[in-house]
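Only one structure is covered here, and it is reproduced in the block below.
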Amino acid sequence: MLKRMPVGIQTYEKIISGDYLYIDKTEYIWNMIHLSNYIFLSRPRRFGKSLLCSTLQAYFEGRKELFKDTFIGSVEKDWVEYPVLRFSMASGKHLEKEQLERYLLNILDENERRFGLSADHPDPNVRLKNLISNVYAKTGKKVVIIIDEYDAPLLDVVHEETMLPVLRNLMRNFYSPLKDADPYLQFVFLTGITKFSQLSIFSELNNLKNISMRPDYAAVCGITVEEMLAQMSDYIDEFAERRQITRDDAIMQLKHQYDGYRFTWPSPGIFNPYSLLNAFQDYQFTNYWFASGTPTYLIEMLRKFDTLPTDISSMEGGADDFDAPTESMTTIMPLLYQSGYVTIKDYDETFRSYTLGIPNNEVRIGLTKALVPAYVMPNTLIVNNTARNIARCLAKDDIDGALALLQTFLGTVPYCNDTNTEGHYQQVLYIIFTLVADYFVDVEIHTPTGRVDMVLQTKTTLFLFELKLNKSAGAAMKQIDLKDYKSKFVLCGLPIVKVGINFDSEKRTIGEWRINRE
């Protein structure tokens, strides 16, 4: 029988003792503890950060019996036991200042009781300072500190100009004793989703080593294709059998749905572990990552920065543009990257420029659905049903039927101030076509003679769209022919269909369209 999937289990001891599947990441831990005494790692939610913290804790507590079949178990000889203070900020969300102070005092109290200590100082930073020195005095050994999701109390207020500075100052004060406690500390490890500047959070912890974009730690969290093929091969076979597809098709579809994360360059493609484990457990291609949490703060920030849905599909910038402190960002790029909604797709070493894009189909569909209420209409059922019916038409190569459905649908979209712009209709069409089954859609595709407004590739056909507002479908088709857009795509191996669409701003929908099959 195959080992059980450790879905939702974040405790290393429980995985090993319960004989769950464990993808060995202890070589990264071994390298980390020999790299620096102060380590910071940023990764998106549900990527295994908490399990990594738990594994570190078990190692520093000298629990040799839990590592007998791992890399560390084969190289560690001494197994020194250290006192470990572990703080999880994951439950410190949606709290006011006083509530957050009580939360910090509570997790300090839990650690104090673990070592038979008691304290009643009302200030969290003083309690932390005393806890470190008292544990050191009681055990005679240097202390290991593990802080998981250090930024959790700040994420939901990152868009609020009033609350963010208040909570940020509180967290900065809480972490401040770490610098002066250096003589008592053996190792400090912090994880988070976003990157707040050292000035605002770790004002004096200038020796904190950030490994988030180091190539040698690219796969410290998540599951690589190589790890899946080597350590999950039997699960792939079972998955393929249950889905009644071939093993090669199962691998291809799993990669399309959940693979594609890169947090540095070069880097192997990395699966979202939460989604992959759930898929193997359920034998489904569900959007597990999005179902596990609503990115409300992300939608608020997209609105704040006037980000268009089409802007997210491809972005370019230097590392300083996206691996940047969240609270001082001037674009949405850092939050999108650090939260896992876009990832590194390519790197131009000559100009030190990264191309970022959506990592996989799960994120593409999930993010698009999350954008529907803000960019199309609040009634997501109508939007999803429209996309579904359009998919049925396209499956039969019925582009006329698909456009008729779009025409009817756009007439139901509530009025907004943007209906007098061609860009408004391009954004709505992009969202609808993105939701359509498993097709590729992109906008503003460059050709030698111009830019194609929109490209939609189905399993059987490549559609080239030219969009006009208050002109004519004939004018749109004329531009496609004049610019010879088709020549760029002749090698795609699919029949090419040209589609000219004219939108009527008064009716706020498609006025007419013209289709040319060659």
Side-chain angles (χ1 to χ4, degrees), residues 5-6 21-32 34-35 39-52 55 70-72 191 193 195 209-237 239-240 247-280 285 288-289 314-319 322-323 336-349 352-364:
M5 284 289 158
L21 175 71
Y22 175 65
I23 305 299
D24 188 4
K25 299 290 184 178
T26 61
E27 184 173 359
Y28 295 103
I29 290 178
W30 180 259
N31 293 336
M32 274 176 11
H34 290 88
L35 173 69
I39 300 284
F40 170 71
L41 173 68
S42 171
R43 285 294 184 268
R45 62 183 179 85
R46 298 284 189 175
F47 246 83
K49 299 187 299 296
S50 296
L51 175 58
L52 185 65
T55 311
T70 67
F71 176 85
I72 274 187
T191 77
I193 293 177
K195 178 183 178 182
K209 189 73 173 179
N210 185 355
I211 64 171
S212 304
M213 287 193 67
R214 284 181 57 121
D216 47 341
Y217 293 95
V220 63
C221 289
I223 299 173
T224 66
V225 174
E226 291 74 16
E227 288 171 333
M228 183 183 77
L229 295 176
Q231 301 183 52
M232 308 177 81
S233 180
D234 292 339
Y235 297 90
I236 299 172
D237 291 336
F239 184 88
R247 175 185 170 91
D248 287 344
D249 282 343
I251 294 171
M252 180 184 68
Q253 292 180 41
L254 287 167
K255 289 174 65 176
H256 175 67
Q257 186 73 5
Y258 305 120
D259 188 17
Y261 288 94
R262 290 178 178 86
F263 302 103
T264 183
W265 195 272
S267 169
I270 296 172
F271 284 89
N272 181 316
Y274 180 77
S275 294
L276 184 62
L277 294 178
N278 269 288
F280 278 131
F285 288 109
Y288 295 102
W289 188 61
S314 183
M315 316 173 85
E316 184 179 3
F322 61 89
D323 187 36
L336 284 171
Y337 169 75
Q338 293 166 31
S339 299
Y341 300 102
V342 299
T343 193
I344 296 172
K345 291 290 188 178
D346 200 2
Y347 177 61
D348 184 337
E349 190 167 0
R352 298 181 181 179
S353 176
Y354 293 86
T355 299
L356 305 183
I358 294 174
N360 53 47
N361 192 56
E362 176 185 24
V363 177
R364 180 175 66 89

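No more than 12 heavy atoms of other residues, nucleotides or ligands sit less than 6.0 Å from atom NZ of Lys255.
Classification of the Phe280-Tyr235 ring pair by plane angle, with boundaries at 30° and 60°, yields tilted. By the 30° and 60° cut-offs, the orientation of the rings of His34 relative to Trp30 is tilted.
Here the side chains of Asn272 and Tyr288 are not in contact, with every heavy-atom distance at 4.5 Å or above. Under the 4.5 Å side-chain criterion, counting only non-hydrogen atoms from C-beta, Thr55 is not in contact with Lys25. Within the 4.5 Å cutoff, the side chain of Leu356 has heavy atoms near those of the Phe322 side chain. In this structure, the side chains of Phe47 and Phe263 come closer than 4.5 Å at one or more pairs of heavy atoms. The closest side-chain heavy-atom distance from Tyr347 to Arg352 is below 4.5 Å. Under the 4.5 Å side-chain criterion, counting only non-hydrogen atoms from C-beta, Ile29 is in contact with Leu52. Phe285 is listed as a side-chain neighbour of Tyr258, based on a closest heavy-atom distance under 4.5 Å. Taking the side chain as every heavy atom from C-beta outward, Ile211 and Asp216 never approach each other to under 4.5 Å.
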* To do: Could you please spell out the steps behind the side-chain contact (heavy atoms from CB on, under 4.5 Å) verdict for Leu229 and Ile251?
  => CA-CA 9 Å; Leu229 295 176; Ile251 294 171; 3.6 Å; yes
* Where do Asp348 and Glu316 land on the side-chain contact (heavy atoms from CB on, under 4.5 Å) test, with the steps shown first? -> CA-CA 10 Å; Asp348 184 337; Glu316 184 179 3; 5.8 Å; no
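Gly340 and Pro359 get closest at one heavy-atom pair: O-CG, 3.9 Å. Residues Leu41 and Cys221 share a closest heavy-atom pair of CD2-SG, 3.9 Å. Summarising the geometry of Thr224 relative to Ala219, their closest heavy-atom pair is CG2-CB, 3.5 Å, with the distance given to 0.1 Å. Contact record, Ala250 with Ala240: CB-CB, 3.9 Å, taken as the closest heavy-atom pair. Here the closest heavy-atom approach between residue Phe40 and residue Thr191 is recorded as CE1-C, 4.2 Å.
Using modelled atom types, one finds no donor on one side chain facing an acceptor on the other under 3.5 Å when comparing Ser275 with Arg46. Side-chain N/O atoms of Ser42 and Gln338 include no donor and acceptor closer than 3.5 Å.
Side chain of Arg43 to backbone of Ser212: a donor-acceptor contact under 3.5 angstrom is found. In terms of modelled atom types and a separation under 3.5 Å, the side chain of Trp289 and the main chain of Arg45 share a donor-acceptor contact. No side-chain donor-acceptor contact under 3.5 Å links Arg262 to the backbone of Asp346. Panel note: side chain Asp259, backbone Ile270; a donor-acceptor pair is recorded below 3.5 Å. Without hydrogens or angle criteria, Thr264 side chain to Ser267 main chain gives no donor-acceptor distance under 3.5 Å. Thr26 contributes a side-chain N or O that, together with a main-chain N or O of Ile72, makes up a donor-acceptor pair within less than 3.5 Å.
Note that the CD atom of Gln257 and the CZ atom of Arg364 stand 9.0 Å from one another [nearest 0.5 Å]. Interatomic distance, CG of Asn360 versus CG of Leu254, reported as 11.0 Å (0.5 Å rounding). The structure places CE of Met32 at 7.0 Å from OH of Tyr217, a figure rounded to the nearest 0.5 Å. Once rounded to the nearest 0.5 Å, the distance linking CD1 of Ile236 with CG of Asp248 reads 10.0 Å. We find the CG-CD distance between Asp24 and Gln231 to be 7.0 Å, quoted to the nearest 0.5 Å. The CE atom of Met5 lies 5.5 Å from the CG atom of Leu277; values are rounded to the nearest 0.5 Å.
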